[in-house]
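One structure below.
Residue numbering restarts at 1 for every chain, and letters A, B, ... go by the order of the sequence lines. Keep in mind that the numbers below use all heavy atoms, side chains included, and drop hydrogens, waters and symmetry copies.
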2 protein chains.
Amino acid sequence: MPTRAGRSPLSRDRVLRAAAALADRDGLAALTMRKLGQELGVEAMSLYKHVANKDEVLDGLAELLLAEFDPPTDDVGWREAMRRHAVSARATLARHPWGPVVLSRSGPSPAMLRNLDSVIGSLRRSGFSVELAAHAISLLDSYVYGWAVQEASLPFDTPDELAELTGAIMEGFSAEEYPHLAEMGTELIMRPGYDHGRQFEWGLELVLDGLERALGEGGSGG
Amino acid sequence: MPTRAGRSPLSRDRVLRAAAALADRDGLAALTMRKLGQELGVEAMSLYKHVANKDEVLDGLAELLLAEFDPPTDDVGWREAMRRHAVSARATLARHPWGPVVLSRSGPSPAMLRNLDSVIGSLRRSGFSVELAAHAISLLDSYVYGWAVQEASLPFDTPDELAELTGAIMEGFSAEEYPHLAEMGTELIMRPGYDHGRQFEWGLELVLDGLERALGEGGSGG
DNA sequence: CCCGGTGGCTTACAAAGTAAGCTAGGTGTA
DNA sequence: TACACCTAGCTTACTTTGTAAGCCACCGGG
């Protein structure tokens with residue numbers, strides 16, 4: 001007899017979705033096989049009929065995540081395509097703070113390769129040399145990824161919380177110890193209307209400007 | 001009687017250094033309190049006389065790491081100062097693949113704040129507005145950090161190994177599936193003399209160019 | 001009607017963090 | 001000198017987690 005009536009049967013897919021939901025809700029550290037089982041109304045060991053082990057669950061999360069990234073489209077020009085791709089990646093990673101962790105421990109999965117291939121393709125069709133495309137991807141990826149990692153480690157979600165937190169941190173140290181930090185805190189971050197996310201876009205535009213210039217120069221730069 | 005004669009007494013500092021050495025040698029996952037104890041010729045529980053718990057060990061590793069970063073100096077101009085700082089940070093993180101992990105889980109520690117403050121100071125003294133300095137740091141940090149995270153997850157150390165690995169990955173998929181990736185693999189990455197690290201510098205120069213331009217425009221950009 | 005396979009369950013063990021309390025050896029003080 | 005005390009390291013034991021091994025009930029086909 002089923003533990004709970006009307007429960008749909010388990011499947012690898014349902015396991016992974018539940019894992020993502022659990023990690024979203026309670027954090028990646030709370031994702032244990034036992035809790036995951038509970039979530040699905042099942043004992044921990046039952047999960048092993050559908051996934052080989054916990055590593056496979058984590059790899060599966062990486063796949064789910066990559067599937068959420070919009071691949072670039074060719075109908076808007078490379079610059080807009082890259083911008084959208086970067087913005088979407090950042091938004092996805094912000095939605096799932098466990099994203100960077102699972103991505104950085106997964107090897108080159110098909111989803112990852114597919115994603116990469118489509119970005120390279122978009123750039124190549126817009127006139128980027130192989131080398132310049134490599135440079136562009138490396139730069140954009142590092143930026144987005146690094147941003148996301150730092151964002152994921154910040155313990156706040158809204159600008160208000162940021163201001164509040166900044167204030168709390170700043171009470172912990174004297175303005176003599178870290179004068180420049182103090183200045184930045186009071187004159188920028190705690191100002192009403194300050195939006196941390198704006199910085200992401202600013203940096204992204206700077207990077208895109210640089211790439212546009214490098215593309216115009218026709219070479220690989222250097 | 002000491003387990004091993006002539007052993008110097010334990011201390012928080014010795015514990016942290018041993019932890020760093022162990023993580024360097026066997027990876028962060030191998031850093032357990034028991035192994036760390038062994039490394040020091042001591043039982044696991046003895047460590048707790050010097051550190052509160054494992055979290056404190058990890059936080060301590062973050063401090064050690066930050067101490068390895070060269071702070072920027074004022075005698076070379078902001079651009080060269082930022083370049084050196086970024087290059088040094090990248091080198092440090094490459095030397096310690098566990099770096100990104102411990103950094104991203106540690107809150108704003110004094111070492112972190114000090115580091116940040118000195119970078120802001122260097123920029124401010126070179127004419128950066130508060131806002132532009134914030135943008136610059138955010139961009140540079142994200143780039144270096146994102147690069148480091150990705151580099152840390154790569155399972156090779158030398159260019160030769162990269163070429164070899166790329167070849168191995170590319171045997172796993174058909175050129176029809178990922179045509180652009182295949183092209184990049186054969187025409188760029190597996191070419192003799194290809195140096196992945198060069199891409200870091202290329203991106204860094206692009207970013208510095210952009211910042212220089214933004215500084216010249218005198219405003220905060222936007 | 002039996003039979004094998006499948007999906008979930010129970011049990012059990014190893015690794016890891018760490019709480020609690022023990023003890024020996026050195027130290028300051030009467 | 002003797003004694004009380006402090007400290008660093010030790011022992012034991014509990015909890016959480018991943019997962020190996022094997023059990024059993026059900027279900028569809030011969």
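- The distance between atom NZ of B:K54 and atom P of D:dT15, rounded to the nearest whole Å, is 21 Å.
- Atom CG of A:L47 and atom P of C:dG7 are 13 Å apart (whole Å).
- Using a 4.0 Å cut-off between a side-chain N of Lys or Arg and a carboxylate O of Asp or Glu, B:R83 and B:E201 do not qualify as a salt bridge.
- One side chain, B:Y194 or B:Q199, offers a donor N or O that lies under 3.5 Å from an acceptor on the other.
- Rounded to whole Å, the distance from CG on A:L40 to P on C:dC9 is 11 Å.
- Of the two residues near DNA chain D, B:R34 and B:S11, the one whose nearest nucleotide lies more 5' is B:S11.
- Comparing atom distances between the A:S46 side chain and each of C:dG7, D:dG18, C:dC9 picks out C:dC9 as nearest.
- The distance between atom CD of B:Q38 and atom P of C:dA15, rounded to the nearest whole Å, is 12 Å.
- Computed from coordinates, the B:E43 CD to D:dT12 P distance equals 10 Å when rounded to whole Å.
- With hydrogens and angles ignored, a donor-acceptor pair closer than 3.5 Å exists between the side chain of B:K49 and the base of D:dG9.
- Here D:dT12 is the nucleotide among D:dT17, C:dG17, D:dT12 with the atom lying nearest to any side-chain atom of B:M45.
- Rounded to whole Å, the distance from OH on B:Y48 to C1' on D:dC14 is 14 Å.
- Ring geometry, B:H135 versus A:W202: the interplanar angle falls under 30°, so the pair is classed parallel (tilted spans 30 to 60°).
- When the nucleotides C:dG8, D:dT19, D:dA13 are ranked by their closest atom to the side chain of A:L10, C:dG8 comes out on top.
- For the 3.5 Å distance criterion, the side chains of A:T158 and A:E161 qualify, holding a donor opposite an acceptor.
- Taking every side-chain heavy atom of A:V42 into account, C:dC9 is the closest of C:dG17, C:dC9, C:dA12.
- Look at CG on B:L36: it is 13 Å from C1' on C:dG17, rounded to the nearest Å.
- The phosphate of C:dG8 (OP1 or OP2) has a side-chain N or O of A:H50 nearer than 4.0 angstrom.
- Atom CG in A:N53 sits about 5 Å away from atom P in D:dT19, given to the nearest Å.
- In this pair, B:W147 and B:H196 present their aromatic rings parallel. The plane angle is below 30°, not in the 30 to 60° band.
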